[in-house]
Amino acid sequence: MTWLKIKDAFQAQPGQTVTVKGWVRTKRDSKADGGLSFIAVHDGTCFDPIQAVARHDLSNYDEVSKLNTGCSVEITGELVESQGKGQSVEIQAHQVKVVGWVEDPDTYPTSNKRHSFEYLREVAHLRTRTNTFGAVARVRHALAQSIHRYMDELDYYWVHTPIITGSDCEGAGEMFRVSTLDFCNIPKTDDGEVDFSKDFFGKESHLTVSGQLNVETYCCSLSRVYTFGPTFRAENSNTSRHLAEFWMIEPELAFADLHDNIELASGMLRACASDLLERRIDDLEFFDLRIEKGIIDRLKMIVESPVKTITYTDAIKILESCNEKFDYEVKWGSDMQSEHERYLTEKHFKQPVAVINYPKDIKAFYMRLNDSGTDGAPADTVAAVDILVPGVGELVGGSQREERLDVLDQRIDEMGLIKDDYWWYRDLRKYGTVPHAGYGLGFERLIQFCTGMQNIRDVIPFPRAPRQAEF
RNA sequence: UCCUCCGUAGCUCAAUGGUAGAGCGAGCGGCUGUUAACCGCUAGGUUACUGGUUCGAGUCCAGUCGGAGGAGCCA
């Protein structure tokens, strides 16, 4: 006898005999008709658990009456239209097989009770049994699929850039060291430095902070590429928007400028929102009801309206002329603070905003120096873009890349970097250079944006953050 | 890393420096085609850790560890 996923059981014709397998979410007993139990069973295939009705005449009813939240069961019975409210169909159980008991119901970590997200983080191996974390897992999967599908349809190739990097020049933050040296017996050179030539790779190596420099090489030959994988930052960041290990999508497009870049990002957000509304409306309704009201309307807004683009200079003018009181000064030439970004996207525009053409001094060396007058930009700006979204802040960071070798070299010098470290990156500008652009989209921040989950540690299965590497 | 707040039952939280409490969850019983069920009873505690002040510390002080929110860094 084959068994059904619960999502398929909900779609099956009443009258047929079905088997489902899963975990008990709740059980309620009744003494009516000589005794019966209502067992809600979930298997992760959809938001709603299915209700099974077990009567007292089952041979193992004494066992059934001892079932708790968390027990695993296999239930066979007739699918019928429900007599009660709250569900369309239910299973009249002919057989309830207990597959696994809960050892001590009194201390079962995810008992049938409200739990705080902080507590559930401490039991990350069991929190997926709650409706919130089940929904997050399904939405996370759906978003990943949407991104791959969207890129594939536009003929972008997924490039698997390395996790371990020997280049010390990715320039996006503190790195985790990768080494097989014996901590208690570190080899030293004659002048007392650590001798990395004795290390596994024969040189210093780290976990990647970005696949961008690597993927640019594929861009300059395959035209349209992207990375989608984990990245690592060893910064001591303790916020609800940062992780030490997070996933990032980094598209890179050749023969393209900043506006092509924004169009791609805008389309990606639209595809994600549209797919989610179509494929995971059950989970979205839960997020809308219990996590953040209005999340469905927000996603509909993403589908309908394109991302609004403004220049950094205009953004500063808006911030200077508004009546909002900020803790930090608004000044052309300094980076916008979180409070400024939030004001722009949440209060002023009330939608995603792409801010472009930032002062060069606050941005990375590889961002293309604007020709004076581009989009009305002053000369000392670069073709960078940050896409800000309500609730999350910075979701996307990108730029048109500097394709002119002389300008690139000048920028490397200005920033006190070492040209030789970038030898292969510079080669791309020597041999058939092309205008190109790309961006990084934080996958967990996208999930936060689409679900309303406030803490980034609750949208990744096993969060890695300072002092957090359990599981 | 900085600022602020917090750490008491399985969980969420109370408790003027003077006997350790409730709700939920759990166990038992009652009631009911139930669905955040309801009613009754029962069990459940090294008050994060270390030290100090005091006749007496969950409460005050110092340190350590852990957590949350905000900031910086960024995605």
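The sequence lines fix the lettering, A, B, ..., with proteins before strands; numbering per chain opens at 1.
If you check every strand for non-hydrogen atoms under 4.0 Å, A:Glu245 touches nothing. Counting any heavy atom pair closer than 4.0 Å across all strands shown, A:Leu395 reaches sugar-phosphate atoms only and no base atom. Note on A:Tyr328: only backbone sugar-phosphate atoms sit closer than 4.0 angstrom, heavy atoms only; bases stay farther off. Using a 4.0 Å heavy-atom distance criterion, A:Val392 is classed as making no nucleic acid contact. Within 4.0 Å (heavy atoms only), A:Ser111 reaches sugar-phosphate atoms of the nucleic acid but no base atom. A:Ser116 comes within 4.0 angstrom of sugar-phosphate atoms only, judged by non-hydrogen atoms across all strands, and of no base. Counting non-hydrogen atoms under 4.0 angstrom, A:Gln212 reaches nothing in the nucleic acid. Using a 4.0 Å heavy-atom criterion, one finds that A:Gly397 contacts the sugar-phosphate atoms exclusively. Looking at heavy-atom distances under 4.0 Å, A:Asn112 makes contact with sugar-phosphate atoms alone, never a base.
A side-chain donor-acceptor contact under 3.5 Å links A:Arg129 and A:Tyr108. With hydrogens and angles left out, the side-chain atoms of A:Arg28 and A:Ser30 include no donor and acceptor closer than 3.5 Å.
A:Leu120 places its CG atom 12 Å from the C1' atom of B:U12, with the value rounded to the nearest Å. Taking atom NZ of residue A:Lys31 and atom C1' of nucleotide B:C38, one finds them 13 Å apart after rounding to whole Å.
When each of B:G33, B:A26, B:A75 is scored by its nearest atom to the side-chain atoms of A:Phe38, the top-ranked nucleotide is B:G33. Looking at the side chain of A:Glu394, the nearest of the listed nucleotides B:C73, B:A75, B:G69 is B:A75. Nearest to the side-chain atoms of A:Asn455 among the listed nucleotides B:G33, B:A75, B:G69 stands B:G69. Closest to the side chain of A:Arg467, out of B:A26, B:U32, B:G67, is B:G67. Candidate nucleotides B:G70, B:C74, B:G72 were compared by shortest atom distance to the side chain of A:Arg342, and B:G70 ranks first. For A:Met248, whose side chain is taken as the heavy atoms from C-beta onward, the closest listed nucleotide among B:G69, B:A75, B:A71 is B:A75. With B:A71, B:C11, B:A75 as the candidates, the nucleotide lying closest to the side chain of A:Asn238 is B:A71. For A:Asn68, whose side chain is taken as the heavy atoms from C-beta onward, the closest listed nucleotide among B:G27, B:A75, B:U34 is B:G27.
Contact annotation: side chain of A:Arg28 to base of B:C38, donor-acceptor pair absent below 3.5 Å. For A:Glu81 against B:G33, a side-chain-to-base donor-acceptor contact under 3.5 Å is absent. Looking at A:Gln83, its side chain has no donor and acceptor atom pair within 3.5 Å of the base of B:U34. No hydrogens or angles were tested; on distance alone, nothing pairs the side chain of A:Glu235 with the base of B:U1 as donor and acceptor under 3.5 Å. For B:G66, the base has no donor-acceptor partner in the side chain of A:Glu122 [N/O atoms by modelled type, under 3.5 angstrom]. Interface remark: the A:His242 side chain does form a donor-acceptor pair with the B:C74 base, using a distance-only criterion of under 3.5 Å. Between the side chain of A:Asp106 and the base of B:G25, a donor-acceptor pair under 3.5 Å is found.
Side-chain N/O atoms of A:Thr69 include none lying less than 4.0 angstrom from OP1 or OP2 on B:G25. OP1 and OP2 of B:G67 both lie 4.0 Å or more from every side-chain N or O belonging to A:Arg457. Between B:A71 and A:Arg241, a contact under 4.0 Å exists linking OP1 or OP2 to a side-chain N or O.
Residue A:Gln337 is the one, among A:Phe246 and A:Gln337, whose nearest nucleotide of RNA chain B lies closer to the 5' end (criterion: closest heavy atom). Heavy-atom nearest nucleotides on RNA chain B were determined for A:Leu67 and for A:Lys113, and the one closer to the 5' end corresponds to A:Lys113.
Annotation: B:G45 and B:U8 have their C1' atoms spaced 8 Å apart (nearest Å). Comparing B:C24 with B:C38, their P atoms are spaced 7 Å from each other, to the whole Å. Taking atom C1' on both B:A62 and B:A71, the two are 27 Å apart, rounded to the nearest angstrom. Comparing the P positions of B:U64 and B:G69 gives an interatomic distance of 23 Å, to the nearest angstrom. Spacing of P atoms, B:A22 relative to B:A9, comes out at 14 Å, to the nearest Å. Taking the C1' atom of each, B:C3 and B:G72 are spaced 11 Å apart, rounded to whole Å.
Aromatic ring centroids of A:Tyr156 and A:Tyr150 lie 6.0 Å or more apart.
Among A:Arg149, A:Arg280, A:Gln145, A:Arg270, the one residue that satisfies the side-chain hydrogen bond (donor to acceptor under 3.5 Å, both in side chains) test with A:Asp275 is A:Arg149.
Judged by a 6.0 Å distance limit and a 45° cone about the ring axis, A:Lys308 is not positioned over the six-membered ring of A:Phe349.
Residues satisfying the side chain to side chain contact (heavy atoms under 4.5 Å, CB included) test with A:Glu470, not counting sequence neighbours, are none.
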